[in-house]
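One structure is given here, and the rest of the page talks about it.
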Amino acid sequence: MLKKYLSAVEERLAAIIPAEKDPPLCDAMRYSLLAGGKRLRPCMLLAAVEMLGGRWEEAMEYACALEMLHTYSLIHDDLPAMDNDSLRRGRPTNHVVYGEGQAVLAGDGLLNYAYERMLDDAAAHTEEIVQRVQAASEIAQGAGVKYMILGQSLDLASEGKADADETLLGRIHMGKTCGMFRGAMRAAGRFCGADERAMQALTDYAEAFGMLFQYVDDLLDVFSTPEELGKSIGKDAEEEKLTAVRVYGIEGARVRAKEFHDEAVRAISHFGSAAEPFIHLVDDMLQRRK
C-alpha cells in the first residue's frame, strides 16, 4: 500500500541534505538517512492525509521530518552507550563508519533539522499555520520525552533485571515504538483538521499497529537472520532485555500480536472503505519476515 508514496519520500530525502554540503557532518547524516528501509512512518503519514481527503504531496516536509527523527533515533540507539550495535539496514552502523562523536552529531543534526523544516513550512503557509504547527507538535510529542525517548530510557533501565514485568513492557513498547507511529497518524489528522472522533480512531490504530510491529520484531529477533532482518539478532536475549517473548513466551507473543492486529483493524474501520490500505498494512505486518 505504501509504494505510491515511497519513491516520492526517497526523492525528497535525497534532496534535503545535498551531497556536497559540509562534510563530515552531512556525509554522516546522509549515510544513515539514505540507507533505505521501509519508510513506514512517513508513508503512513502521507497515506493517512490522503485517506482524510487532503493532498498528501503538501505534507511531504512533515513526512520527511518524521523519517529524519526516526533515523536520528536509530543512530543514537546503535551507539556503544545504548545498544552497541554494529549492523543497521544491512550495513555498518553510523558510529562504526564515522566514529562515535560524529555519529552523535549526525543524530543531533537530523533531530534539529527535522524541526527546522516543519516550522519553516508552517510559517510559509500562514492560512493553515495552526493545523501545520499542530501536526509538527504531534510528531515532536511522539519522538519526545512522553513517548520515544521515555521508552528508550525505560528499555535501558530494565536491562538485566530478573522480573518479567508486563506493565513495564507495555510502557516501553508504547514509548519507543508506538510513539512515532502515533505521531505519524495524529500529525496527519491535525494537518487535515480531523475531528476528535477521527483523531481517536487514528490514535487507536497507531498504538495497536505499533504494538503489533514491536511484538513481531521481538519474535524476529529469535527466528530471523541478520541477512533477512538487516540488523543483529539475538541481542535481546543476550542483553536480557524486557521483550514480548520474555514476558509471554513465543506462542503467547504470537497470540498477543494477533490481538493487536484485530484492534488496529477495528480502529481504522471508522474510515470505511478509505481505510482499506491500512487494513492491508496490518495484515502484511502480521506476516512480516524482515
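Position 1 is the first residue of the sequence; numbering continues from there.
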Report yes or no: does [X] contribute a side-chain atom to a donor-acceptor pair with the main-chain N or O of [Y] at less than 3.5 Å?
{"X": "Tyr205", "Y": "Phe278", "value": "yes"}
{"X": "Ser153", "Y": "Ile149", "value": "no"}
{"X": "Asn94", "Y": "Ala28", "value": "yes"}
{"X": "Ser158", "Y": "Asp155", "value": "yes"}
{"X": "His125", "Y": "Asp121", "value": "yes"}
{"X": "Asp195", "Y": "Ala198", "value": "yes"}
{"X": "Ser269", "Y": "Val265", "value": "yes"}

Please report the closest heavy-atom contact between [X] and [Y], naming both atoms and the distance.
{"X": "Met29", "Y": "Ala106", "answer": "CG-O, 3.6 Å"}
{"X": "Leu219", "Y": "Val245", "answer": "CD2-CG2, 3.8 Å"}
{"X": "Leu25", "Y": "Leu105", "answer": "CD1-O, 3.6 Å"}
{"X": "Ala63", "Y": "Pro42", "answer": "O-CB, 3.2 Å"}

Got a salt bridge between [X] and [Y], using NZ or NE/NH1/NH2 to carboxylate O under 4.0 Å?
{"X": "Glu10", "Y": "Arg39", "result": "yes"}
{"X": "Arg246", "Y": "Asp218", "result": "no"}
{"X": "Lys241", "Y": "Asp221", "result": "no"}
{"X": "Arg190", "Y": "Glu196", "result": "yes"}
{"X": "Asp262", "Y": "Arg266", "result": "no"}
{"X": "Glu61", "Y": "Arg12", "result": "yes"}

Linking I/L/V/M/F/W/Y whenever their side-chain heavy atoms sit closer than 4.5 Å, directly or via other members, would [X] and [Y] fall into one cluster?
{"X": "Ile17", "Y": "Leu119", "answer": "no"}
{"X": "Tyr31", "Y": "Ile16", "answer": "no"}
{"X": "Leu281", "Y": "Leu52", "answer": "yes"}
{"X": "Leu286", "Y": "Leu40", "answer": "yes"}
{"X": "Val9", "Y": "Leu33", "answer": "yes"}

Are there over 12 heavy-atom neighbours, none belonging to [X], within less than 6.0 Å of that residue's [atom1]?
{"X": "Arg256", "atom1": "CZ", "value": "yes"}
{"X": "Glu276", "atom1": "CD", "value": "no"}
{"X": "Glu11", "atom1": "CD", "value": "no"}
{"X": "Glu57", "atom1": "CD", "value": "yes"}

Note to self: Does the Lys NZ or Arg CZ of Arg186 fall within the cation-pi geometry relative to Tyr62 - under 6.0 Å from the ring centre and within 45° of the axis?
What the structure shows: no

Note to self: Which residue is it: Met174, Lys176, Met180? I am looking for the one with a side-chain contact (heavy atoms from CB on, under 4.5 Å) to Tyr147.
What the structure shows: Met174

Check: Picking from Arg182, Met51, His270, what satisfies side-chain contact (heavy atoms from CB on, under 4.5 Å) with Leu202?
Finding: Met51

Notebook entry, point to check: In Å, rounded to the nearest 0.5 Å, how long is the span from CG of Leu66 to CD1 of Ile139?
Noted result: 5.0 Å

Notebook entry, point to check: Is there a side-chain contact (heavy atoms from CB on, under 4.5 Å) between Val216 and Leu220 once you walk through the steps?
Noted result: CA-CA 6 Å; Val216 172; Leu220 288 175; 4.0 Å; yes

Next item on the list: Could you give me the CA-CA distance, side-chain angles and deciding distance for Arg288 and Phe213, then say whether side-chain contact (heavy atoms from CB on, under 4.5 Å) is met?
Entry: CA-CA 9 Å; Arg288 177 185 163 211; Phe213 181 96; 3.7 Å; yes

Notebook entry, point to check: Centres of the Tyr215 and His173 rings: under 6.0 Å?
Noted result: yes

Check: Taking it one step at a time, do Thr93 and Asp85 satisfy side-chain hydrogen bond (donor to acceptor under 3.5 Å, both in side chains)?
Finding: CA-CA 7 Å; Thr93 49; Asp85 219 327; over 6 Å; no

Note to self: As a quick check of understanding, evaluate side-chain hydrogen bond (donor to acceptor under 3.5 Å, both in side chains) for Asp204 and Gln200, giving each step before the final call.
What the structure shows: CA-CA 6 Å; Asp204 291 345; Gln200 190 60 56; 2.8 Å; yes

